[in-house]
Amino acid sequence: MRTDLHIHTEFSCDSDADMEQYILKAIDENVQVLCFTDHVDMNKDDYGFNYYNPQRYFEKYNSLREKYGQQIKLLSGIEFGEPHLYSEKLAELSRFPYDFIIGSIHWIGNMFPCLSVREKFSAKEFFTWYWEEMLKTVKHGGFDALGHIDFPKRYYGEVYYTEQMLNEIFKYLLDKDRIIEINTSSLRKGHSETMPGSEVLEIYKSNGGRYVTIGSDAHVVEDLAADYAVAKAHIEKLGLQEVIYEQRKRVDV
C-alpha cells in the first residue's frame, strides 16, 4: 500500500493544487490513501495568516469523497503551526471531523529560517531555539503527529541536536501517544536525507517510538507521494510501523 498523509491544496496559501487532480493522479499511480493537510497559520508574520477556511475545505472534500470514495481512501486533515501558541484556534478546528492533525513548528517568534535569518544565525543557534519550541509543543499536545521534526534542515542543509533534548521531546511525545512523520520534501530540495533522517529516527525508536506516517508535503500535484520508497526503506530498516489516521485514531497500514 502506498500512502501520502501530508498534501497541500488550493486551501493552503502557498499552493494552487486542485484536490481532484491529486485524486486522479493517485488512482492512476496506485496510491491508495491520501490525506489533505492544508496549512493553518496563525502567526501574523506568515503570509498565510488566517487564510485557511474549514467550511470551504470540507465542502469540496466531502463532494470529492462522495465521488471517488469507492476508488481510493480519502482522509481529511490540517497542518497546524505552533499548536502550543494558538490552543484556542486548535481546539476550535478540532471540532471539525478531521481524520488527522499534523503539528508543526515553522516559526520561532518572528523568525522563519529564510535567507536573512540564516545569514544572521548559525544552524546551531536556530536549532537550539527550535528544539525548545518543539518541546513546548509536545508538552501541549492537541495533534496526532509531529510534522518534519527537523524542519530547519530543509533551509540550512544541516541539522544540529543534542540527544538529551531529543530524548526529552520524544518522552513527552510518546507519553501522550503521539508519533512523528517521515517527510520526504527535503529530498526534492536537493538534500540527501528525509526529515527526519536515519539518526533521529534511531533515537525516536530507542525512546520507544514505533509508529510513523509518511508524507510528501506536496504543494503541486506532480509531487504526490514523491520518494515514498525512500521513507518506506527507513521504516523497514529500523523495524518501525507505518500507520494512517482515521477519525483521529491510529490504524496500521
Participant: For H191 and E158, does a side-chain donor sit closer than 3.5 Å to a side-chain acceptor?
Facilitator: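 Per modelled atom types, H191 and E158 side chains form no pair under 3.5 Å.
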Participant: Tell me, do I182 and M195 make a side-chain contact under 4.5 Å, heavy atoms counted?
Facilitator: no
Participant: Could you walk me through whether L85 and M42 pass the side chain to side chain contact (heavy atoms under 4.5 Å, CB included) check?
Facilitator: CA-CA 9 Å; L85 296 179; M42 299 307 298; over 6 Å; no
Participant: When you measure from the side chain of T9 to the backbone N and O of D18, does any donor-acceptor pair fall under 3.5 Å?
Facilitator: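 Not at all, since once roles are kept as given, no pair shorter than 3.5 Å links the two residues.
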Participant: Give a yes or no on whether the ring-centroid distance for Y61 and F96 is below 6.0 angstrom.
Facilitator: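 Not under 6.0 Å, so no.
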Participant: Using ring centroids (six-membered ring only for Trp), state whether Y160 and W131 fall under 6.0 Å.
Facilitator: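 No - the distance between ring centres of W131 and Y160 does not fall below the 6.0 Å cut-off.
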Participant: Please collect all ring-ring contact (aromatic ring centres under 6.0 Å, His included) contacts where either partner lies in residues 210-249, sequence neighbours excluded, each pair once.
Facilitator: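 For residues 210-249: H8-H219, H39-H219, F100-Y245.
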Participant: Ignoring hydrogens and angles, state whether a donor on the side chain of T184 or D227 is under 3.5 Å from an acceptor on the partner side chain.
Facilitator: no
Participant: Taking atom CD of E88 as the centre, report whether more than 12 heavy atoms of other residues, nucleotides or ligands fall under 6.0 Å from it.
Facilitator: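 12 or below, so no.
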Participant: For Y204, enumerate each residue passing the ring pair (Phe, Tyr, Trp, His ring centres under 6.0 Å) test, keeping only those at least two apart in sequence or located in another chain.
Facilitator: F170
Participant: Under a 3.5 Å threshold, yes or no: a donor from one side chain and an acceptor from the other, between T3 and E242?
Facilitator: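 A donor-acceptor contact under 3.5 Å links the two side chains.
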Participant: So, K205 and E202, do they make that salt bridge, N to O below 4.0 Å?
Facilitator: no
Participant: Residues in salt bridge (Lys or Arg N to Asp or Glu O under 4.0 Å) with D16, at least two apart?
Facilitator: none
Participant: Of all residues at least two apart in sequence or in a different chain, which pass the side-chain contact (heavy atoms from CB on, under 4.5 Å) check with L24?
Facilitator: E20, Q21, Y68
Participant: Could you walk me through whether V117 and F126 pass side chain to side chain contact (heavy atoms under 4.5 Å, CB included), step by step?
Facilitator: CA-CA 9 Å; V117 170; F126 196 88; 3.8 Å; yes
Participant: For residues F151 and Y155, establish whether the separation of their ring centroids is below 6.0 Å.
Facilitator: yes
Participant: Tell me if a side-chain donor or acceptor on R178 pairs with a main-chain N or O of F143 at a distance below 3.5 Å.
Facilitator: yes
Participant: Report, as yes or no, whether the 6.0 Å neighbourhood of atom CD on E59 holds more than 12 heavy atoms from other residues, nucleotides or ligands.
Facilitator: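 No, the 6.0 Å shell around CD holds no more than 12 heavy atoms from other groups.
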Participant: Check the side chains of E79 and H6 for a donor-acceptor pair under 3.5 angstrom, ignoring hydrogens and angles.
Facilitator: yes
Participant: When you look at S216 and D223, which way does the side-chain hydrogen bond (donor to acceptor under 3.5 Å, both in side chains) test go after all the steps?
Facilitator: CA-CA 7 Å; S216 68; D223 288 339; over 6 Å; no
Participant: Is the number of heavy atoms from other residues, nucleotides or ligands under 6.0 Å of R65 CZ greater than 12?
Facilitator: no
Participant: Pick one: which of F58, F80, F36 meets ring pair (Phe, Tyr, Trp, His ring centres under 6.0 Å) with Y98?
Facilitator: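 Going through F58, F80, F36 one by one, the ring pair (Phe, Tyr, Trp, His ring centres under 6.0 Å) with Y98 is satisfied by F58 alone.
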Participant: Quick one about D45 and N110 (side-chain donor to acceptor, distance below 3.5 Å, no hydrogens or angles considered), yes or no?
Facilitator: no
Participant: One pair to check against side chain to side chain contact (heavy atoms under 4.5 Å, CB included): L75 and L34. What are the steps and the verdict?
Facilitator: CA-CA 6 Å; L75 303 172; L34 293 185; over 6 Å; no
Participant: Could you name each residue pair satisfying ring-ring contact (aromatic ring centres under 6.0 Å, His included) that touches residues 15-35, not counting sequence neighbours?
Facilitator: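 Applying ring-ring contact (aromatic ring centres under 6.0 Å, His included) to every pair that reaches into residues 15-35, excluding sequence neighbours, yields nothing.
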Participant: Tell me every residue that passes side chain to side chain donor-acceptor pair (under 3.5 Å) with Q247, counting only those two or more places apart in sequence or in another chain.
Facilitator: none
